Engineer: 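Quick one: the structure is below, questions incoming.
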Amino acid sequence: MATMYGRLGRRNILQQLPRILCRHIHNSSRLHQFNKFISNLIRSGRLSEARALFDSMEHRNTVTWNSMISGYVHGREIVKARQLFDEMPQRDIVSWNLIVSGYFSCRGSRFVEEGRKLFELMPQRDCISWNTVISGYAKNGKMEQALKLFNAMPERNVVSSNAVISGFLLNGDVHSAVGFFKKMPERDSASLSALISGLVRNGELDMAAGILHKFRSEDDGKDDLVHAYNTLIAGYGQRGQLEEARLLFDETLDDRGGENKDQRRLRRNVVSWNSMMMSYVKAGDIVSARELFDRMAERDTCSWNTVISGYVQISNMDEASKLCREMPSPDVLSWNSIVSGFAHNGNLNLAKDFFEKMPHKNLISWNTMIAGYEKNEDYKGAIRLFSQMQLEGERPDKHTLSSVISVCTGLVDLYLGRQIHQLATKIVLPDSPINNSLITMYSRCGAIADACTVFNEIKLYKDVITWNAMIGGYASHGLAAEALELFKLMKTFKIHPTYITFISVLNACAHAGLVEEGRMQFKSMITDYGIEPRIEHFASLVDILGRQGQLKEAMDLINTMPFRPDKAVWGALLGACKVHNNVELALVAADALIRLEPESSAPYVLLYNMYANLGQWDDAESVRMLMEEKNVKKQAGYSWVD
DNA sequence: GTAGGGTTAG
């Protein structure tokens with residue numbers, strides 16, 4: 001048939017064939033086009049549109065079904081993939097490989113077991129089937145199983161070995177990976193890249209550089225090394241080691257280099273440029289990044305997106321949006337960067353405009369916009385968008401939930417908070433950073449017991465943020481003993497406290513009136529942990545001294561500390577003056593506070609109440625008049641009497 | 001349409 005096509009051309013064939021066959025060819029080429037269209041839609045993440053097309057098709061072949069299954073597998077929708085797999089009239093080996101791969105790419109042993117079961121049920125297996133399961137086990141941290149299958153498979157190829165290398169490195173076993181690589185009978189450029197990228201992920205950049213250079217000097221030169229170079233350039237770039245990145249970039253050769261062995265292997269490509277550009281962006285050197293961008297002979301979407309992200313990072317939104325308009329085909333990433341840039345700039349309206357105008361949104365688009373609302377304290381907007389996203393069929397993930405929990409914290413909405421917590425238990429792994437936001441949310445909402453429950457249910461991994469959240473929760477509830485006890489416990493777990501930990505610890509001391517403990521902790525922070533005291537720590541110390549009536553010491557501290565006192569510092573002093581009826585210093589503190597925040601009524605009210613308590617009604621009245629004169633409005637929640 | 005390796009957005 002192919003040769004007939006070639007000789008006669010399509011039209012002649014159609015004229016010579018019986019009509020029914022004609023129709024078949026017509027249909028099959030249409031079918032082929034439909035299939036291509038479906039896979040294009042899936043490639044650009046437009047899964048529901050692909051499904052609509054799939055449903056509307058009159059004729060489907062195995063490829064059609066497989067494409068749709070592959071879409072669901074990539075979209076992590078294993079249930080839908082399985083439904084199609086069960087429904088399809090005929091399954092070939094690709095269908096089986098797809099569904100097995102689908103189960104293995106879902107986390108959780110339930111899925112892994114189902115994938116393995118299907119693998120066992122397969123009518124026949126090829127190398128791809130085995131490799132799918134090997135890498136599936138490796139990705140789920142089951143290297144023993146992966147190796148067992150690797151040894152059991154009837155025929156191996158280099159992909160099988162590469163999957164094992166990646167597996168070792170995914171599980172942090174650098175030593176085995178390097179050993180395995182060295183003993184491999186056959187390696188290709190992907191083997192080297194797998195090793196290099198895994199080493200980078202495990203922070204072994206210099207080891208990676210050593211192996212790369214050794215490979216380059218020893219190997220026969222048929223392999224393309226630029227992949228591995230690119231990984232390492234990006235790795236150094238990510239870590240801010242700009243000099244190392246640049247040295248490697250300079251080792252790669254000009255795009256149109258000659259034809260000798262090394263030049264073929266090291267020819268720089270668009271990803272090399274992008275990685276180097278990204279390194280500059282990460283280092284904050286957007287001028288050099290732009291220079292590279294302008295020098296590039298060929299740019300892809302990622303090049304544009306990288307330079308755009310650079311401008312977003314330095315808040316040059318004019319240039320960022322100009323580039324987004326100029327670029328040939330902005331994708332969802334470009335749009336997301338712009339939305340994120342405006343949101344971080346506090347320009348929520350423009351962020352919203354761009355968000356609404358986006359041709360396609362993905363989960364990150366929604367998360368960016370929701371986080372934008374949250375950061376700009378438009379909590380209602382965030383909640384509105386959160387509901388809208390679910391109505392439009394987008395499933396929230398840990399990033400979404402993290403923002404929405406912060407929204408609950410901002411709104412002090414315990415009811416909503418509990419609902420989101422409920423939702424989170426269905427979506428997110430039990431041990432996750434989400435718990436940190438939950439602890440903060442519950443304690444800010446006054447539900448310290450719930451915060452405590454969340455804290456205690458974290459079994460595997462509590463990071464310093466977890467401890468900070470819980471200690472801070474106790475401190476803000478005045479539970480000083482609990483806060484200090486937890487702080488002690490944290491140190492026995494060898495968790496290094498941060499400046500935030502000490503803010504809570506000092507606050508706890510203040511609440512409990514523990515002057516000596518507070519002083520001791522302040523000193524320990526500096527000498528034992530090398531943490532520079534910030535103004536918040538001084539404010540706490542002023543609070544501690546003040547509460548104990550050591551007002552003169554507090555004032556001395558304010559005068560000698562290396563910061564210009566802010567409203568927290570003066571507020572602490574003023575509060576202490578009120579408790580200890582020190583009018584003289586109260587006037588100093590109130591005066592300073594009024595200078596810092598002329599529109600705030602709090603210092604006036606406090607002074608008024610002080611005078612009133614002392615029976616100095618004339619002075620009280622003059623404070624009230626001064627307030628009227630300065631046109632300061634009393635805010636709700638402040639009392640004229642105690 | 002299926003297995004391993006590179007860059008960009010939350």
Side-chain angles (χ1 to χ4, degrees), chain A residues 35-36 38-39 42-43 61-71 73-74 92-102 104-105 126-136 138-139 157-167 169 188-198 200 224 226-235 237-238 269-279 281-282 300-310 312-313 331-341 343-344 362-372 374-375 397-400 402-403:
Chain A
N35 286 349
K36 262 178 92 170
I38 285 193
S39 76
I42 286 171
R43 249 201 303 276
N61 61 11
T62 312
V63 175
T64 324
W65 287 87
N66 287 348
S67 304
M68 202 58 236
I69 292 177
S70 126
V73 165
H74 282 118
D92 63 6
I93 194 161
V94 176
S95 330
W96 283 93
N97 288 343
L98 272 165
I99 197 69
V100 169
S101 138
F104 273 97
S105 52
D126 60 8
C127 211
I128 294 183
S129 327
W130 287 89
N131 290 345
T132 303
V133 179
I134 290 172
S135 84
K139 276 181 204 145
N157 60 16
V158 68
V159 178
S160 327
S161 306
N162 293 350
V164 170
I165 293 192
S166 303
L169 291 160
D188 65 4
S189 58
S191 327
L192 180 69
S193 292
L195 184 65
I196 299 297
S197 84
V200 167
D224 190 10
V226 79
H227 239 86
Y229 264 90
N230 294 345
T231 316
L232 198 50
I233 291 170
Q238 288 280 6
N269 62 19
V270 66
V271 180
S272 327
W273 287 89
N274 291 348
S275 302
M276 192 61 227
M277 212 160 53
M278 182 274 291
S279 306
V281 167
K282 276 270 152 26
D300 63 5
T301 307
C302 183
S303 326
W304 288 86
N305 287 344
T306 303
V307 76
I308 287 175
S309 83
V312 164
Q313 195 181 282
D331 63 359
V332 66
L333 249 115
S334 334
W335 286 87
N336 287 348
S337 296
I338 299 291
V339 170
S340 150
H344 280 112
N362 62 12
L363 181 56
I364 296 186
S365 324
W366 290 96
N367 288 349
T368 306
M369 198 60 226
I370 292 174
E374 191 272 319
K375 286 277 170 298
D397 70 350
K398 57 180 177 178
H399 298 281
T400 330
S402 163
S403 295

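Chain naming here is simple, since letters A, B, ... match the order of the sequence lines and numbering starts at 1 in each. These numbers come from a predicted model, not from an experiment.
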Engineer: To the nearest Å, how far apart are N131(A) CG and dT2(B) P?
Structural biologist: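 The distance from CG of N131(A) to P of dT2(B) comes to 15 Å, rounded to the nearest Å.
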Engineer: Please identify each residue that fulfils ring-ring contact (aromatic ring centres under 6.0 Å, His included) with F104(A), with sequence neighbours left out.
Structural biologist: Y137(A)
Engineer: From dG6(B), dG10(B), dA9(B), pick the nucleotide closest to the side chain of S309(A)?
Structural biologist: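 Looking only at heavy atoms from C-beta outward on S309(A), the closest nucleotide is dA9(B).
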Engineer: Whole Å only: how far is the CD atom of Q313(A) from the P atom of dA9(B)?
Structural biologist: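 Atom CD in Q313(A) sits about 9 Å away from atom P in dA9(B).
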Engineer: Specify the separation, in whole Å, of atom CG of N230(A) and atom P of dG5(B).
Structural biologist: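 The distance from CG of N230(A) to P of dG5(B) comes to 15 Å, rounded to the nearest Å.
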Engineer: Between dT2(B), dG6(B), dT7(B), which nucleotide has the shortest distance from any of its atoms to the side chain of V94(A)?
Structural biologist: dT2(B)
Engineer: Tell me if the side-chain of N274(A) makes a donor-acceptor pair with the base of dG6(B), cut-off 3.5 Å, by modelled atom types.
Structural biologist: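 There is none.
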Engineer: So, is S197(A) close to the dG6(B) phosphate, meaning a side-chain N or O under 4.0 Å from OP1 or OP2?
Structural biologist: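 It does, given that an N or O in the side chain of S197(A) lies less than 4.0 Å from OP1 or OP2 of dG6(B).
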Engineer: Run the ring-ring contact (aromatic ring centres under 6.0 Å, His included) test against W335(A) and tell me which residues pass, sequence neighbours left out.
Structural biologist: none
Engineer: Without decimals, in angstroms, what is the distance between D300(A) CG and dG6(B) C1'?
Structural biologist: 11 Å
Engineer: Quick one: N157(A) CG to dT2(B) C1', roughly how many Å, whole number?
Structural biologist: 13 Å
Engineer: Compare the minimum distances between each of dG4(B), dT7(B), dG6(B) and the side chain of T231(A), then state the nucleotide with the smallest one.
Structural biologist: dG6(B)
Engineer: Going by atom types only, do N305(A) and N274(A) share a side-chain donor-acceptor pair under 3.5 Å?
Structural biologist: no
Engineer: Have a look at D397(A) and say if it touches a base, only the backbone sugar-phosphate, or nothing, with a 4.0 Å heavy-atom cut-off.
Structural biologist: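 D397(A): base contact, heavy atoms under 4.0 Å.
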Engineer: If you only use heavy atoms from C-beta on, which nucleotide in dA3(B), dG10(B), dT7(B) is closest to the side chain of C302(A)?
Structural biologist: dT7(B)
Engineer: Base, sugar-phosphate, or nothing: which does S67(A) touch, judged by heavy atoms less than 4.0 Å apart?
Structural biologist: sugar-phosphate
Engineer: So what does D331(A) hit on the nucleic acid, given a heavy-atom distance under 4.0 Å: a base, only sugar-phosphate, or nothing?
Structural biologist: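 Contact class for D331(A): none.
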Engineer: What are the two closest heavy atoms between L98(A) and S70(A), and how far apart are they?
Structural biologist: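 Looking at all heavy atoms of both residues, the shortest contact is CD2-CB, 3.5 Å.
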Engineer: Between dT7(B), dG5(B), dG10(B), spot the one nearest the side chain of M278(A), thanks.
Structural biologist: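 Of dT7(B), dG5(B), dG10(B), dT7(B) is nearest to the side chain of M278(A).
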Engineer: Using a 4.0 Å heavy-atom cut-off, does Q238(A) contact any base of the nucleic acid, only the sugar-phosphate backbone, or nothing at all?
Structural biologist: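 Here Q238(A) touches the backbone only, sparing every base.
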Engineer: Is K139(A) touching bases, backbone alone, or none of the nucleic acid, heavy atoms closer than 4.0 Å?
Structural biologist: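 The residue K139(A) makes sugar-phosphate contact but no base contact.
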Engineer: Going through the checks in order, is the side-chain contact (heavy atoms from CB on, under 4.5 Å) test met by S101(A) and V73(A)?
Structural biologist: CA-CA 8 Å; S101(A) 138; V73(A) 165; 3.9 Å; yes
Engineer: Using a distance-only test with no angle check, is there a side-chain donor-acceptor pair under 3.5 angstrom linking N157(A) and N131(A)?
Structural biologist: yes
Engineer: Whole angstroms only, please: what is the CZ-P distance between F104(A) and dG4(B)?
Structural biologist: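 So the two atoms are 13 Å apart, to the nearest Å.
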Engineer: Out of dG5(B), dA9(B), dG6(B), which has the shortest distance to the side chain of S189(A)?
Structural biologist: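 Taking heavy atoms from C-beta onward, the closest nucleotide is dG5(B).
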Engineer: Can you tell me which nucleotide in dG4(B), dA9(B), dT7(B) comes closest to the side chain of K282(A)?
Structural biologist: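 Looking only at heavy atoms from C-beta outward on K282(A), the closest nucleotide is dA9(B).
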Engineer: Among dT7(B), dG10(B), dG6(B), which is the nearest nucleotide to the side chain of A234(A)?
Structural biologist: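 My answer, after comparing the listed nucleotides, is dT7(B).
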Engineer: Output the rounded distance in Å from CD1 (I134(A)) to C1' (dT2(B)).
Structural biologist: 15 Å
Engineer: Taking atom C1' of dT8(B) as reference, at what distance in whole Å does atom CH2 of W335(A) sit?
Structural biologist: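 Between C1' of dT8(B) and CH2 of W335(A): 17 Å.
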Engineer: Checking side chain to side chain contact (heavy atoms under 4.5 Å, CB included) between H399(A) and each of I364(A), N367(A), L363(A), which is the one that passes?
Structural biologist: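 Among the candidates, only N367(A) passes.
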Engineer: May I ask you to say what S337(A) touches in the nucleic acid, namely base, sugar-phosphate or nothing, with a heavy-atom cut-off under 4.0 Å?
Structural biologist: sugar-phosphate
Engineer: Considering only dT7(B), dA9(B), dT2(B), which nucleotide approaches the side chain of V332(A) most closely?
Structural biologist: dA9(B)
Engineer: So what does D126(A) hit on the nucleic acid, given a heavy-atom distance under 4.0 Å: a base, only sugar-phosphate, or nothing?
Structural biologist: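 No contact at all - D126(A) keeps every heavy atom at 4.0 Å or more from the nucleic acid.
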Engineer: Picking from dG5(B), dG10(B), dG6(B), which would you name as closest to the side chain of A194(A)?
Structural biologist: dG5(B)
